[in-house]
Amino acid sequence: MADSATVNDTSSTTDAIRHHDPALRGFASDNYAGAHPEVLAALALANGGHQVAYGEDVYTAHLQEVMHRHFGPAAEAFPVFNGTGANVVALQAATERWGAVICASTAHINVDECGAPERVGGLKLLTIPTEHGKLTPALIDREAYGWDDEHRAQPQIVSITQTTELGTCYTPEEIREICDHAHERGMKVHLDGSRLANAAATLGLPLRAFTTDAGVDLLSLGGTKNGLVFGECVVVLNPDAVRAMKHLRKLSMQLASKMRFVSVQFEALLAGDLWLRSATHANAMAARLAEGVRSVDGVEILHPVQSNAVFARLPHDVSERLQKRYRFYFWDEAAGDVRWMCAFDTTEADVDAFVAALKEEMAKA
């Protein structure tokens, strides 16, 4: 018989070990950053004891009050696991089975979600090329037609992204124009807000000013890009625009059993000013990065820098060498376009070191 001490001694196999260098920084994605310490503290606070599962806990109940403060008394939050899940659930809730979604060709739902809106949500995406990733009423009208045509998927909702996938920011007036235009045509408006906090930091406005007050019907509210461990929210701003949200969330495999650990993270983010502090800092680091590279001959900034993203064009071989020193992605490899992202934990020293490395690699070219 095995010795009891040997059987019970599991410390050698269960103790956590750090497998990465916490000082390592890159510019690939704000998703690469760890969790904000204040969020981790909130998770520990929510731990211990028993709470009712599937969203019937006190943390999810309190989150509704927090959302009311940011988006108005009609707002209702449905925490989910991730951004793709939030988008698919939201768009399904606001469309019929024969419905179609008008979006920019650069929209995350079109290029970065592995066909989930089509395959999981059963939705037709009507995509439109845009300048700097932003839709306009005139652009929407390229696809907003054919409601009486039984052979055509029916445009039922417009989806915009704030900030856009190209790092640009809609003004409240631009969003209001889109919402008014869509509503006049019987369509609803969904806002993909994975970086909504960055937009608020750029605009200097509360979240409600360019969502609820601008006429948006529902939004996907991001958390992981702004310091959460995991979790996003579908926030219904207009209850008349959706149906069966709680059923669609479960059907789409986005219902967390221990939802308190998603909700408390959003409470930590939104109850105070952590959301804005973190986004403001990430935006400032991107502005510093853009300023540093503008003076480098052979580097072109492609889009207005209005959030925590910098899109640039430079020689392909320079990017390849630079990627060996810092992680980042090609956006259009054939054209030499790259994307550099800053996060809540990006430092001035990180940015300055990256700019210095870029200059060194450009000098070799």
Side-chain angles (χ1 to χ4, degrees), residues 71-72 74-76 78 83-84 86-111 113 115-118 120-131 133-165 168 170-194 196 199 208-221 234-245 248 252:
F71 298 106
E76 185 175 6
F78 294 84
T84 297
N87 286 336
V88 170
V89 170
L91 293 171
Q92 280 184 297
T95 54
E96 302 294 338
R97 290 188 62 191
W98 49 88
V101 182
I102 295 176
C103 63
S105 59
T106 52
H108 198 273
I109 58 175
N110 182 45
V111 300
E113 295 186 348
E118 295 95 336
V120 179
L123 295 160
K124 171 70 174 177
L125 300 183
L126 304 173
T127 63
I128 300 171
T130 65
E131 184 178 10
K134 296 168 69 173
L135 286 174
T136 65
L139 289 174
I140 289 169
D141 278 347
R142 294 184 182 180
E143 292 289 353
Y145 66 89
W147 287 280
D148 293 328
D149 185 350
E150 65 189 271
H151 302 287
R152 188 170 195 264
Q154 302 296 290
Q156 294 183 341
I157 190 165
V158 175
S159 181
I160 61 175
T161 308
Q162 177 78 318
T163 56
T164 73
E165 289 78 9
T168 53
Y170 287 95
T171 66
E173 293 75 21
E174 289 172 328
I175 294 177
R176 167 56 72 182
E177 289 178 359
I178 288 171
C179 291
D180 288 347
H181 193 74
H183 292 156
E184 287 170 1
R185 284 151 180 76
M187 297 185 294
K188 302 157 188 173
V189 177
H190 163 258
L191 191 151
D192 183 343
S194 63
L196 198 68
R208 177 171 177 161
F210 54 95
T211 54
T212 311
D213 293 348
V216 173
D217 294 297
L218 72 166
L219 68 93
S220 304
L221 179 61
V234 177
V235 185
V236 176
L237 306 177
N238 174 14
D240 295 330
V242 302
R243 57 183 173 79
M245 268 296 308
L248 286 168
S252 301

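Computation of the quantities below employed the complete heavy-atom set of this structure, encompassing side-chain atoms and omitting hydrogens, waters and symmetry-equivalent molecules. These figures come from a predicted structure and were not determined experimentally.
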Let's go through Val216 and Ile175 carefully: what are the C-alpha distance in whole Å and the side-chain angles of both, what is the deciding distance for side chain to side chain contact (heavy atoms under 4.5 Å, CB included) to 0.1 Å, and is it a yes or a no? CA-CA 8 Å; Val216 173; Ile175 294 177; 3.8 Å; yes
Stepwise side chain to side chain contact (heavy atoms under 4.5 Å, CB included) test for Ile140 and Arg185: CA-CA 11 Å; Ile140 289 169; Arg185 284 151 180 76; 5.8 Å; no
Run the side chain to side chain contact (heavy atoms under 4.5 Å, CB included) test on Phe78 and Val89 for me, step by step, so that the C-alpha distance in whole Å, both residues' side-chain angles and the decisive distance to 0.1 Å come before the verdict. CA-CA 10 Å; Phe78 294 84; Val89 170; over 6 Å; no
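Distance check, rounded to the nearest 0.5 Å: OG1 of Thr211 to CG of Asp217 gives 11.0 Å. For the atom pair NZ of Lys134 and CG of Leu139, the computed distance is 11.5 Å after rounding to the nearest 0.5 Å. The distance from the NE2 atom of His183 to the CG atom of Asn238 is 7.0 Å, given to the nearest 0.5 Å. Here the CD1 atom belonging to Ile160 is positioned 10.0 Å from the CG atom belonging to Leu219, to the nearest 0.5 angstrom. The distance from atom CH2 of Trp98 to atom CG of Leu123, rounded to the nearest 0.5 Å, is 12.5 Å. How far OG1 of Thr164 is from CG of Asp192: 10.5 Å, rounded to the nearest 0.5 Å.
Considering only residues two or more places apart in sequence or on other chains, Arg142 meets the salt bridge (charged side-chain N to carboxylate O under 4.0 Å, His left out) condition with none of them. Annotation: salt bridge (charged side-chain N to carboxylate O under 4.0 Å, His left out) contacts of Glu143 (sequence neighbours excluded): Arg152.
At least one side-chain heavy atom of Gln92 sits under 4.5 Å from a side-chain heavy atom of Ser252. The shortest side-chain heavy-atom distance between Pro155 and Leu126 falls under the 4.5 Å cut-off. Between Tyr170 and Glu177 there is no side-chain heavy-atom pair separated by less than 4.5 Å. Residues Ile157 and Leu218 meet the side-chain proximity criterion, which asks for heavy atoms closer than 4.5 Å. Under the 4.5 Å side-chain criterion, counting only non-hydrogen atoms from C-beta, Ile128 is in contact with Ile102.
Minimum interatomic distance between Ser220 and Asn87 (heavy atoms only, all atoms of both residues): OG-OD1, 2.7 Å. Of all heavy-atom pairs between Asn110 and Ala104, the closest is CB-O, 4.4 Å. Annotation for Val189 and Ala182: closest pair CG2-CB, 3.6 Å, computed over non-hydrogen atoms. Nearest heavy-atom pair, Ser105 versus Pro129, reported as atom, atom and distance to 0.1 Å: OG-CA, 3.5 Å. Nearest heavy-atom pair, Thr171 versus Glu174, reported as atom, atom and distance to 0.1 Å: N-OE1, 2.8 Å. Heavy atoms only, all atoms of each residue included: Cys179 and Gly215 are closest at SG-C, 3.4 Å.
Sequence neighbours left out, the pairs with a member in residues 153-162 that pass side chain to side chain donor-acceptor pair (under 3.5 Å) are Ser159-His190, Thr161-Glu165.
Using a distance-only test at 3.5 Å, with no hydrogens or angles considered, a donor-acceptor pair links the side chain of Lys188 to the main chain of Ala94. Using a distance-only test at 3.5 Å, with no hydrogens or angles considered, a donor-acceptor pair links the side chain of Thr95 to the main chain of Leu91.
Heavy-atom neighbours of Asp149 CG from other residues, nucleotides or ligands within 6.0 Å: above the threshold of 12. A 6.0 Å sphere centred on CD of Glu150 holds no more than 12 heavy atoms belonging to other residues, nucleotides or ligands.
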